[in-house]
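Here the structure is a predicted model, which means the values were calculated and not measured. Note: hydrogens, waters and symmetry copies are ignored here, and every other heavy atom, side chains too, is used. Numbered from 1 within each chain, the chains take letters A, B, ... in sequence-line order.
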Amino acid sequence: MADIARSFNDLNFLDHLSTGNSFLHRLDPRVKLLTVMGFIFAVVSFPRYEISSLLPFFFFPAVMIPLANIPVRYLMRKYLFLLPFAVLIGIFNPIFDREPFAFIGPLAVSGGMISFLSILIRFTLTILAAFILVAVTGFNGICLALKRFKVPEVFCVQLMMLYRYIFVLSSEAVKMARARELRSFGRKGQGIKPYVSLIGHLLLRTWDRARRVHTAMLSRGFHGKFYMRRPLALKASDVIFCLAWLFLFIVFRLYDIPAVIGEILTGAVA
Amino acid sequence: MHMADALISPAVGGAMWAVSAGLIGYCSKKVKEDLDERKVPLMGVMGAFIFAAQMINFTIPATGSSGHLGGGLILAILLGPYAAFLVISSVLVVQALFFADGGLLALGCNIFNLGFFPAFVAYPLIYKKIVKDSASPGRILTGSLLAAIIGLQLGAFGVVLETLCSGITSLPFTTFVALMQPIHLGIGIVEGLVTAAVVSFVWKANPEILDLKASTAPSPIMHARQVAIVLLVAAAFTGGFVSWFASEHPDGLEWAIEKVTGKEELENAYNIQDALAQLQEKSAFLPDYSLKVSEAAAAQPGQDQDPRLGTSVSGIVGGFFTLCLAVLVGFALKKRSAGSW
Amino acid sequence: MSHHIVELKNLTYVYPDGTTGICDASVRITHGESVAIIGPNGAGKSTLLLHLNGFLWPSSGSVRIGDAPLTKETIRDVRRTVGMVFQDPDDQLFMPTIHDDVAFGPYNLGLPNEEVEERVNSALSRMGIMHLKDKPPYRLSAGEKRRAAIATVLSMMPDILVMDEPSTGLDPFGRRQLIGILKEFTHTKIIATHDLDLVADLCERAIIIHDGRIKADGPTADIFRDEALLHECGLEKPFSMQSCPICSPVPKP
Amino acid sequence: MSHHIVELKNLTYVYPDGTTGICDASVRITHGESVAIIGPNGAGKSTLLLHLNGFLWPSSGSVRIGDAPLTKETIRDVRRTVGMVFQDPDDQLFMPTIHDDVAFGPYNLGLPNEEVEERVNSALSRMGIMHLKDKPPYRLSAGEKRRAAIATVLSMMPDILVMDEPSTGLDPFGRRQLIGILKEFTHTKIIATHDLDLVADLCERAIIIHDGRIKADGPTADIFRDEALLHECGLEKPFSMQSCPICSPVPKP
Ligand SMILES: Nc1ncnc2c1ncn2[C@@H]1O[C@H](COP(=O)(O)OP(=O)(O)OP(=O)(O)O)[C@@H](O)[C@H]1O
Ligand SMILES: Nc1ncnc2c1ncn2[C@@H]1O[C@H](COP(=O)(O)OP(=O)(O)OP(=O)(O)O)[C@@H](O)[C@H]1O
Ligand SMILES: [Mg+2]
Ligand SMILES: [Mg+2]
């Protein structure tokens, strides 16, 4: 039950963040989508034994998170919640790939360890990017951007409605699960029979709701077309934002900046 | 199971994005041709329902663990394949954005694995064939069970192939398959049973619900041949794309930049070599393809232990420095923004 | 203006499972009337209202809105004439923001942008929710949602306003506000409700439905005076017409 | 009987998104009291009630039901003691038939079959819906569902009855019936509602919540006489008192 409420709250909270009014929130959703996709593309394009070149990419979240006013504690909580999955998918690397890859002093580090670490870093960067995108764009912003990128209207519209009704149906689901739990007294009432009936009812209610929503749409003259007043016009700041980041990502991708810095530093010391 | 960004290469991610985007376009066209605009709100609300339903668990008897409704198959049964595929894709989009289930780049793979197989294979070729037009609890049960199991097995195998093609994990093919398929057998059985039970429930309560798609969709079924074609195209696309990319242009991004900047040689020679070696092995589908670095190192004449040692020490120092810098920048901005807003 | 006449003739509706929702109901409502539909639970009030915009089709009998009978051909016009406020405002607010929701109808009517904006603004300000314009519906309270739902209908400038239990879930203040707004609306109003005080305040005519049949139809004041009738139909006088429970704590037997 | 004391001490609950649901509320309700929780929409009434059976856990402060504070260990007993009726009956009815729904609680308590049946029948007949026993909940009208929802809780024979807006959607007769049933129920009752007439009828004590804080707590008659307080909290007198010459000698214009 706790996790039911949690996933709903998470969604709720991210949605709440997206109603903020920072400089980032005001940018055109399209450039934000492009920038984040560029970021992810650059991050995952490294080969698997790469670590140091990935690190400069942390500048992106480091800059975006404070500018967008995203609470770091919330992000950490979410991140830690997801971390076990990343560990699960990466843990096989150190097991299957034991060949020594590098030496730190006398210590041999296996290739698997390196690639495992690399997976964790990729994971961190990519999920942070996704959260940042939603937190500064909002889901409807993303839908609008998709529509502008010529994604079919049917898809965009039902995506928008899906999001709208998540809030209604999730709270219905949470309340029904609550009602079941209150009269269950432990595990007994949580078996498959009440579950099926509960889900069945939720489905029937949903079905009726869809009919009513459709009637409401027809009552307002709906004939297959959705209009939305949302004049999207690229401003200079939008273009600069996007190009500046993409340029940085390319630089980060091409040059192993930590290595360069490291050489300078160690070289200076030696 | 969702594919994750952390495990995927841009070539595989991009190729699967293209395949999924094509399918979304195709299905949108089909739904539009359907001319049943009732479906648009229905699709939206049903997507939200899948979300809501996944929040509710039940106790799986005798195991103590809990399960919930999967979604793909029941959507296909209720909405027909085209609408269902769009709805599943939408659910995955929301999950990728809000719950970081998978990730943005892996979205293409996930849509294909979790959307294509239930909507265009499991439902029309298995469920539909078994249930036909004469629904009965027994048929619904058999159909759902088989369809869910096969759909999930295919999806899991998709995950395996896509992951291995990407070459980030070191897991050998056989081990990976031996791990994924049985787990998904269990999940498939549970999903099949639950789907059957819920479908029977609403079918008894309101048979009209199951009639909707039959009455509106002109020919709701993709034929086996078409399915095979899409699968083949997807496989050829992925495989071909990857191997072409790997052989011609060892590292996509660098290749592109090289083209743009006209730069002949790139510094990160060992990256390229490494990637080349990996990708060639991968695209050959060798059972034990896990790349041994010593081999890779052997393939790199200019590289011996010492420079690598140097690289790693300075790399660690530089990396640490970079991270500190990033954190500092973050804190500075945080201070400033706390002050100014 | 025969345009805004609502006429039901021998309307019968049987649900697919065989339950009779409404049976042989005949009603004629003329322009500008404010009519309450009252009756016990399960009487058939909602069922009746759902016929007015073609959500349900009569099993027998006919529905006439304005000049034409309600048929598949006329239904688009009828839906423009009849503004229906649903019991659950969530069914009616399906767009990303309140603005988009209120603009949805006028846009579909094909109005030019400026006029759409004008209508949106006027509907929002009449409902006193101008400040919620850019909020998503799921961030509103129950009362705000209800008002937004009414605004979506007002922006269509309907000639007939149909509401199913508009005051449920509202706090006393929100309910007062709603009554004030409805009083201002001078076109035909048809309201199904259990809130008899609202009926006494707002509607000059009341129709009692009981067991799917029309039991009474007349001036509200007369109906509320007929205690025998009310009792028979599971109703009672509005509280404002009853005696004070604190001053005279013994209720009438 | 200290068993059925309900005590909240400095209860604060902040929703995960940062909204304060309830703030620093302290209340003590003793056995057999009948207490109304009133306040405008979004005041925090439902939030407060959800703490009484451990559905929400206080962000700070404590909840005590009977002898023991509410903890993970005592929660099973507490849930058996506290019966809760939800705001929306649809949320509470999830079994294939009304009978199954009403039997769900007693059955899970591990009672023998005959006793379960007995309890089901008694609860159904008290709510006057014996005839709906085998109907599935989605085929009922709004008021019928409400009755069924209350029956599901009555069949558990709770010592403390907690209800969130129990009278919405009920017809006047059903509402009277409900009041009658609640009057018969001699244990502790806690009722959150907008139906102030029901409060005047049923509860000798009323607690006003406004913006998550307790604004007033005292005898219902006193609270309803304090017009300034009511106005400040978006409330108004019960309708039956509005025209009462004794309670409000000068009726509002
Ligand atoms: N979907 C349905 N299928 C079968 N019977 C139904 C359905 N909906 C309503 N009914 C039945 O039709 C009758 C009329 O229901 P309706 O909802 O119109 O009542 P109502 O007057 O609106 O009641 P309430 O005041 O409780 O809302 C009731 O007996 C109800 O049980
Ligand atoms: N799940 C939630 N997440 C965040 N905030 C919530 C949630 N549920 C309620 N709230 C907020 O908490 C406050 C109190 O809500 P609550 O539901 O307790 O009000 P209420 O007094 O029951 O109102 P009503 O009379 O409309 O039922 C409101 O401001 C509401 O918006
Ligand atoms: Mg009704
Ligand atoms: Mg409430």
Side-chain angles (χ1 to χ4, degrees), chain A residues 4 11 14 40-41 44-45 47-48 52 55-56 58-59 62 66 82 92-93 96-97 99 101-103 111-112 119 122-123 126-127 130 134 152 154-155 157-159 161-162 165-166 169-170 173 177 187 190-192 195-196 199-200 203 206 210 213-214 224 253 258-259 261-263 265-266, chain B residues 4-8 10 24 28 31-32 37-38 40-45 47-49 51-53 55-56 58-59 86 90 97-98 100 103-105 168 170-171 197-198 201-202 205 209 253 271 274-275 290 292-294 308-309 312 314-315 317-319 321-323 326 329-330 333-334 337:
Chain A
I4 302 176
L11 180 120
L14 259 181
I40 293 176
F41 214 78
V44 302
S45 71
R48 72 163 137 166
S52 72
L55 297 177
F58 276 103
F59 273 102
L82 288 165
F92 297 106
N93 283 14
F96 285 99
D97 182 0
E99 212 71 27
F101 183 75
F103 296 89
I119 286 179
R122 285 160 207 266
F123 171 80
T126 48
I127 67 161
V134 198
V154 174
F155 185 71
V157 166
Q158 59 88 33
L159 191 57
M161 292 189 91
L162 182 152
Y165 283 99
I166 282 179
L169 293 182
S170 300
R187 277 268 160 95
Q190 313 263 330
I192 188 140
Y195 171 84
V196 165
I199 293 288
L203 181 56
T206 307
V213 171
H214 185 238
R253 178 63 188 84
I261 294 176
E263 264 154 35
L265 285 182
T266 46
Chain B
D5 272 0
L7 280 184
I8 213 171
I24 286 178
S28 300
V31 169
K32 219 169 158 185
E37 12 105 296
R38 169 158 58 141
V40 175
L42 184 61
M43 284 158 66
V45 179
F49 162 79
F51 249 95
M55 289 182 169
I56 303 177
F58 64 92
T59 316
L86 294 181
S90 312
L97 285 170
F98 284 85
L104 295 185
L105 191 65
I168 306 293
S170 306
L171 209 54
V198 173
F201 183 92
V202 297
I209 290 182
L253 198 62
N271 273 349
D274 194 325
S290 162
K292 299 296 182 288
V293 180
S294 42
R308 281 208 294 143
L309 179 62
S312 59
S314 65
V317 173
F321 185 78
T322 312
L323 269 188
V329 167
L333 286 170
K334 178 97 197 143
S337 66

Asks: Nearest heavy-atom pair of A/Ala62 and B/Ala326: which atoms, and what distance?
Replies: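 Distance-wise, the nearest heavy atoms are CB-O, 3.2 Å.
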Asks: As an exercise, state the distance from CG of A/Leu162 to CG of B/Leu86, rounded to the nearest 0.5 Å.
Replies: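 Going from CG on A/Leu162 over to CG on B/Leu86, the span is 11.5 Å.
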Asks: Looking only at heavy atoms, which two atoms of B/Ile56 and A/Tyr195 are closest? And how far apart?
Replies: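 Where B/Ile56 meets A/Tyr195 most closely, the heavy atoms are O-CE1, 3.5 Å.
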Asks: If every non-hydrogen atom of A/Val44 is compared with every non-hydrogen atom of B/Pro10, which pair is closest and at what distance?
Replies: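 So the minimum-distance heavy-atom pair works out to O-CD, 3.3 Å.
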Asks: To the nearest 0.5 angstrom, please state how far the CZ atom of A/Phe155 sits from the NZ atom of B/Lys32.
Replies: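 Reported to 0.5 Å precision, the distance equals 15.0 Å.
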Asks: Heavy-atom distance under 4.5 Å to chain A: side chain of B/Phe51, backbone, both or neither?
Replies: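 Looking at B/Phe51, just its side chain touches chain A.
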Asks: Identify the two heavy atoms, one from A/Val154 and one from B/Ser28, that lie closest to each other, and give their separation to 0.1 Å.
Replies: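 Shortest heavy-atom separation between A/Val154 and B/Ser28 comes out as CG2-O, 4.2 Å.
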Asks: Quick one: are A/Leu203 and B/Val198 in side-chain contact, heavy atoms under 4.5 Å?
Replies: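 Touching, per the 4.5 Å side-chain cut-off.
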Asks: Which atoms of B/Ala53 come close to chain A, meaning under 4.5 Å heavy atom to heavy atom: side chain ones, backbone ones, both, or neither?
Replies: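 Contact with chain A involves both backbone and side-chain atoms of B/Ala53.
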Asks: Say you draw a straight line from CZ of A/Phe58 to OG1 of B/Thr322; how long is it, rounded to the nearest 0.5 Å?
Replies: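 Those atoms lie 11.0 Å apart.
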Asks: Output the distance between atom CD1 (A/Ile199) and atom CZ (B/Phe201), rounded to the nearest 0.5 Å.
Replies: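 Rounded to the nearest 0.5 Å, the CD1-CZ separation comes to 10.5 Å.
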Asks: Between atom CE of B/Met55 and atom CG of A/Leu169, what is the distance when rounded to the nearest 0.5 Å?
Replies: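 Atom-to-atom, B/Met55:CE and A/Leu169:CG are 10.0 Å apart.
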Asks: Output the option from A/Val213, A/Ile40, A/Ile127 having the highest count of non-hydrogen pairs under 4.5 Å with chain B.
Replies: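 The candidate making the most pairs under 4.5 Å is A/Ile40.
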Asks: For chain A, find which of B/Ala52, B/Ser90, B/Ala197, B/Gly330 contributes the most heavy-atom pairs closer than 4.5 angstrom.
Replies: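 Highest number of pairs under 4.5 Å: B/Ser90.
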Asks: Determine the minimum heavy-atom distance between B/Gly44 and A/Met161, stating which atoms define it.
Replies: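 Taking B/Gly44 first and A/Met161 second, the nearest heavy atoms are CA-CB, 4.1 Å.
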Asks: Please classify the contact of A/Leu82 with chain B as side chain, backbone, both or neither, using a heavy-atom distance under 4.5 Å.
Replies: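 Side chain only.
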Asks: Of all the heavy-atom pairs spanning A/Val134 and B/Leu97, show the shortest one and how long it is.
Replies: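 Closest heavy-atom pair between A/Val134 and B/Leu97: CG2-O, 3.3 Å.
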Asks: For a 4.5 angstrom cut-off between non-hydrogen side-chain atoms, does B/Leu104 reach A/Phe41?
Replies: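 The answer is no, as the side chains (C-beta and beyond) never meet within the 4.5 Å cut-off.
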